[in-house]
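The block underneath contains the structure these notes are about, expressed in structure tokens.
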Amino acid sequence: MKDMIWPPVRKGDILLSARKRLLSILSLSTGLVGLVSALLSLPVTLDEYPVQSILAIIGPALFFSGPVILDRTGAIKTLSAILIGSIYGMILFQALSIGGAANPVLIYLIGLPVLATFLIGYRSGIVTGALVVLTYGSIYAFNDLIPVSSIPLTRNIIATWNTIVLVLLGLSLTAWAALFQREMERANRRLDDARCEADKANMAKSDLLAHVSHEIRTPMNGILGMAQSLKDTPLSVDQKRQVDLITSSGDMLMAIINDVLDLSKVEAGALELSEREFDLRALVDNACQLHDTAARRKGLTLKPVFGDLPAQRVLGDPHRIAQILNNLISNAVKFTHKGEITVDVGCTGADMVEFRVRDSGDGIDADLAARIFTPFSQASAETSHTHGGTGLGLAICRNLCTLMNGEIELESSPGAGSTFIVRLPLRVVRDETVDPAHSAASAPDTIESENTESGTIRPLHILAADDNETNRLVLSALLQRHPVELSLVEDGKSAVAAWQSGHFDLILMDVRMPVMDGLAATREIRALEKRHHKPATPIIALTANVMKDQIRGYRDIGMDGVLAKPISPDRLDDLLRSVSDKDGRSAPVPKTQSY
Ligand code: ADP
């Protein structure tokens, strides 16, 4: 049917194409119906109404040029308005000169608002509808003023004519509706396809980012790990400053990688929230403490203010809430030169917690405020030179808030400081509502903000498998500080062989390795332990792949925990301490670091 309808349509805009086709059908059918009716009534009307009779033939004939003009100009709205206006004029002229309200041609008027809606838009439809009602009303009201025709408009003629018109109208309406329906279906299908393509592209982008970030983390592991172990050697003041600079630049780079990764994960819908019980006050206190030194260095006071909180413990994702607060507080410290920063926390309704991070800084102008939550928005290009940052932090905050069914907004004006307001639905935990399934202890693969308990590290025999030489060097450098005997191998197969020929307190297992990967090696070791009734050796995945479902996967095949790359010396120490505490019987799950 598509190719039978002329004029041909431009690819892409399906609805415009449908409207063009409708206009063409309408022009042709108006021309046809008008011409047939004019020719049929010509013998009766020609003597008494010669002008009307001729016009009744010329008018419809002109409609045949509609598709040609449309093809040439493409001016669909103008042409539709001209068409509907001419139909209206012709009908009115006919009715006013022959019989007034008794002229059956008036029935055509009903179709005009429908056409205007389809072809121009709903506003034109409403205006045309009002005009038609007004026209009907006026003709009936002033019918006595219209000259009575001497042409016999008998009931029979009217009935026949009306039937023909209605049938034709019905047929064309059905054709239009069918056409429109078909075009809408095609438009929907194309939209679906486009969405699928966009989703695929987004997934590819996320994959690429995840891959790139993984690839960057491995060398970063080398840089940060070696810098850390350099710090433990005797250094001159200058050398120490240089190593500190390497560490802080590395940390900054890691923060940017994590931001980009976070944003792409949220956008791809791949960021999972955890829900567990946590202490809201402690979380806010920690966040303030983290930035306290930086604030003091600038002569600022930074303090939490606890308003009306019914209870301290709430259910939510503490890691992500801390991430939001950290970003807001660090911005407040960055952009405030004197005065104070407060972090107000209170409840604004049942299970609705409000955080207000208020500063006495420069404030934010309306232009930046309007786009501040979109990625890469900064006051000016200079901002990133002066203060660093990528303009991603607030975009991530907004995405995280939305993901938690909350909201974030800004109140600020230049010179008057800024207040970022975060509202999150966090279920307040009363004693009787504590759900053990959600308590911190039963959510081991989430990220802990508290440190594990401290203790001494006893002499340990550790087996580490990693195919990357840098990683092996870093691990040995980091472990040098402890009474540890380290055996290093390069793949899973060698790890299994080494495990069979010795006793180890802990195995650090890279996941991706040639010959045999870390997962297969773990499976084999667990099977051998079972077969020979040996106690389970703690196996910790050593990997940059620390998404929640990946961690779950490691757990499912028998690993006891994850140590994320780049290896944080503190986390490594925590792990060694907990293995020492447990006397090597079984390792608790170490906390994965922020990723
Ligand atoms: P960045 O990593 O650049 O800090 P953000 O998304 O966190 O990215 O912030 C975007 C921009 O918003 C900042 O570069 C700064 O211009 C402005 N901004 C954010 N917080 C404040 C604040 N408290 N006071 C003034 N300007 C701010």
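Atoms within a ligand are numbered from 1 in the order they appear, just like the ligands themselves. In what follows, residues are counted from 1 in the order of the sequence shown.
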- Mind checking whether Leu392 has a heavy atom under 4.0 Å from ligand 1? yes

- Contact check: Phe335 vs ligand 1, nitrogen or oxygen atoms, below 3.5 angstrom: no

- Task: Return yes when Phe373 approaches ligand 1 closer than 4.0 angstrom through a heavy atom, no otherwise.
- Result: no

- Decide side-chain contact (heavy atoms from CB on, under 4.5 Å) for His337 and Asp362; before the verdict, give the C-alpha distance in whole Å, the side-chain angles of both, and the deciding distance to 0.1 Å. CA-CA 8 Å; His337 309 295; Asp362 301 341; 3.3 Å; yes

- Just wondering, more than 12 heavy atoms not from Glu469 lying within 6.0 Å of its CD? no

- Proximal atoms of ligand 1 relative to Leu394 (non-hydrogen, under 4.0 Å): 5 (P), 6 (O), 7 (O), 9 (O), 19 (C)

- Query: Short list, please: which atoms of ligand 1 are under 4.0 Å from a heavy atom of Leu368?
  - Reply: 16 (O), 17 (C)

- Message: Could you check whether Asp574 pairs with Arg577 (Lys NZ or Arg NE/NH1/NH2 to Asp/Glu carboxylate O, under 4.0 Å)?
- Response: yes

- Task: Please could you name the atoms of ligand 1 that Ile372 approaches to less than 4.0 Å, counting only its heavy atoms?
- Result: 12 (O), 17 (C)

- Provide the number and element of each atom of ligand 1 under 4.0 Å from a heavy atom of Asn331. 4 (O), 5 (P), 7 (O), 9 (O), 19 (C), 20 (N)

- Decide whether the shortest distance between a heavy atom of Thr336 and an atom of ligand 1 is less than 4.0 Å. no

- Note on the structure: Under 4.0 Å from one or more heavy atoms of Ser418, ligand 1 contributes atoms 24 (N)

- Message: Which option wins on minimum heavy-atom distance to atom 23 (N) of ligand 1: Ile396, Asp359, Ile341?
- Response: Asp359

- Could you go step by step and tell me if Ile321 and Leu424 meet the side-chain contact (heavy atoms from CB on, under 4.5 Å) rule? CA-CA 9 Å; Ile321 297 170; Leu424 296 175; 3.9 Å; yes

- Query: Should the pair Lys565-Asp510 be classified as a salt bridge under the 4.0 Å nitrogen-to-oxygen rule?
  - Reply: yes

- Task: Identify whether the distance between the nearest side-chain nitrogen and carboxylate oxygen of Asp244 and Arg241 falls below 4.0 Å.
- Result: no

- Approximate separation, where rounding is to 0.5 Å, of Thr336 OG1 and Ile329 CD1: 11.5 Å

- Gly361: heavy atom below 4.0 Å from ligand 1, yes or no? no

- Item | Face-on cation placement of Arg423 at Phe355 ring, 6.0 Å and 45° thresholds | no

